[in-house]
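Reading through the structure tokens given below for one structure.
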Amino acid sequence: HSKMGLGRNKAAALQQAMQGLFGVKIDAVPHRLGEDNVEALLGGADLVLDCVDNLPTRQLIQRFVRAQEPPTPCLHAALAADGAYARLMWDPLFDGDAGDEGQATCEDGEHLPFIAFVAAKLASLVKDTLCFGRQRSVHLHPGGVVEVG
């Protein structure tokens, strides 16, 4: 997200950014994911990108994608609250942890350059999967990228 999206609903801000940057129209669902709507929102998905910032929702996504037959491919993106580290891990390699839950990483915009780097790497990993069938997981920090597993 850009500074223009700070304080806005993430789905609505992403929808506006995708339209403005790339002319891509997406359907945004500006509702919190929960047990009551996980099937409606994720059911039938060919791929799930988990970019949530709280453990209970991340665990809900993980349970849901694993329960599908076959399991739905899911790429988890986790960013440290201090903006110094990120993980982009395919399920089932990803093990969520509570970390410093609830601490914003982008409220003042300080970490936006690193977050943009993480988002670009996320897009690259998705492209590799969709185009070449490769599922690569990585750890990122401001100084570089380390491939995992």
Side-chain angles (χ1 to χ4, degrees), residues 1-6 8-30 32-33 37-101 104-106 109-149:
H1 297 287
S2 68
K3 285 189 176 187
M4 293 181 297
L6 294 177
R8 295 185 54 216
N9 176 279
K10 290 178 183 177
L14 180 60
Q15 181 184 38
Q16 182 181 17
M18 294 299 290
Q19 174 69 35
L21 291 171
F22 307 108
V24 174
K25 293 182 181 183
I26 60 173
D27 292 326
V29 181
R32 186 174 298 273
L33 182 68
N37 63 5
V38 67
E39 176 67 40
L41 295 177
L42 301 183
D46 294 321
L47 172 67
V48 172
L49 302 178
D50 161 22
C51 301
V52 301
D53 57 4
N54 68 78
L55 185 60
T57 304
R58 189 177 299 277
Q59 290 171 329
L60 173 64
I61 292 168
Q62 210 166 30
R63 282 192 311 273
F64 183 82
V65 299
R66 290 177 178 181
Q68 304 311 296
E69 191 54 49
T72 303
C74 180
L75 182 57
H76 300 277
L79 187 68
D82 65 1
Y85 176 77
R87 295 183 292 161
L88 303 175
M89 307 285 293
W90 285 96
D91 199 79
L93 294 177
F94 184 81
D95 180 26
D97 57 42
D100 293 327
E101 187 175 330
T105 54
C106 58
E110 177 184 355
H111 303 297
L112 287 177
F114 180 62
I115 294 169
F117 170 62
V118 173
K121 190 62 181 175
L122 176 73
S124 174
L125 293 177
V126 169
K127 178 184 169 231
D128 282 354
T129 299
L130 295 176
C131 294
F132 308 112
R134 293 187 300 237
Q135 288 189 348
R136 297 181 305 129
S137 296
V138 297
H139 291 195
L140 302 98
H141 57 88
V145 177
V146 177
E147 194 158 329
V148 182

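Hydrogens, waters and symmetry mates play no part in the numbers below; they use all other heavy atoms, side chains included. Note that the structure is a prediction, hence the values are computed from the model and not measured.
For the side-chain contact (heavy atoms from CB on, under 4.5 Å) test, residues two or more places apart in sequence or in another chain that qualify with Q19 are K25. Listed by chain and number, the residues in a salt bridge (Lys or Arg N to Asp or Glu O under 4.0 Å) with R8 amount to none (sequence neighbours excluded). Taking A78 as the reference, R58, R87, F94 meet the side-chain contact (heavy atoms from CB on, under 4.5 Å) condition, with sequence neighbours excluded. T57 pairs by the side chain to side chain donor-acceptor pair (under 3.5 Å) definition with N54, not counting sequence neighbours.
Identified under the salt bridge (Lys or Arg N to Asp or Glu O under 4.0 Å) test for residues 135-149, with sequence neighbours left out: D128-R136, R136-E147. Within the structure, the ring-ring contact (aromatic ring centres under 6.0 Å, His included) test picks out the following pairs touching residues 121-149 (sequence neighbours left out): Y85-H139. Residue pairs meeting the ring-ring contact (aromatic ring centres under 6.0 Å, His included) criterion with at least one member in residues 54-74, sequence neighbours excluded, do not occur.
To the nearest 0.5 Å, atoms CD (Q16) and CG (N9) are separated by 11.5 Å. L55 CG to L60 CG: the interatomic distance, rounded to the nearest 0.5 Å, is 11.0 Å. Taken from CE in M89 to CG in D50, the straight-line distance is 12.5 Å, to the nearest 0.5 Å. With rounding to the nearest 0.5 Å, the separation of CG in L75 from CG in L93 is 10.5 Å. Separation of atoms CG (L49) and CD1 (I61) is listed at 10.0 Å; rounding is to 0.5 Å.
Using modelled atom types, no side-chain atom of D27 and backbone atom of V29 make a donor-acceptor pair closer than 3.5 Å. Side-chain atoms of S137 come within 3.5 Å of backbone N or O of W90 as a donor-acceptor pair.
The shortest heavy-atom contact between A12 and A28 is N-CB, 4.4 Å. Among all heavy-atom pairs drawn from A11 and P30, the shortest one is CB-CA, 4.1 Å.
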Could you list the donor-acceptor pairs under 3.5 angstrom formed by side chains in residues 37-48, with sequence neighbours left out?
{"from": "N37", "atom 1": "OD1", "to": "G34", "atom 2": "N", "distance (Å)": "2.7"}
{"from": "N37", "atom 1": "ND2", "to": "R32", "atom 2": "O", "distance (Å)": "3.1"}

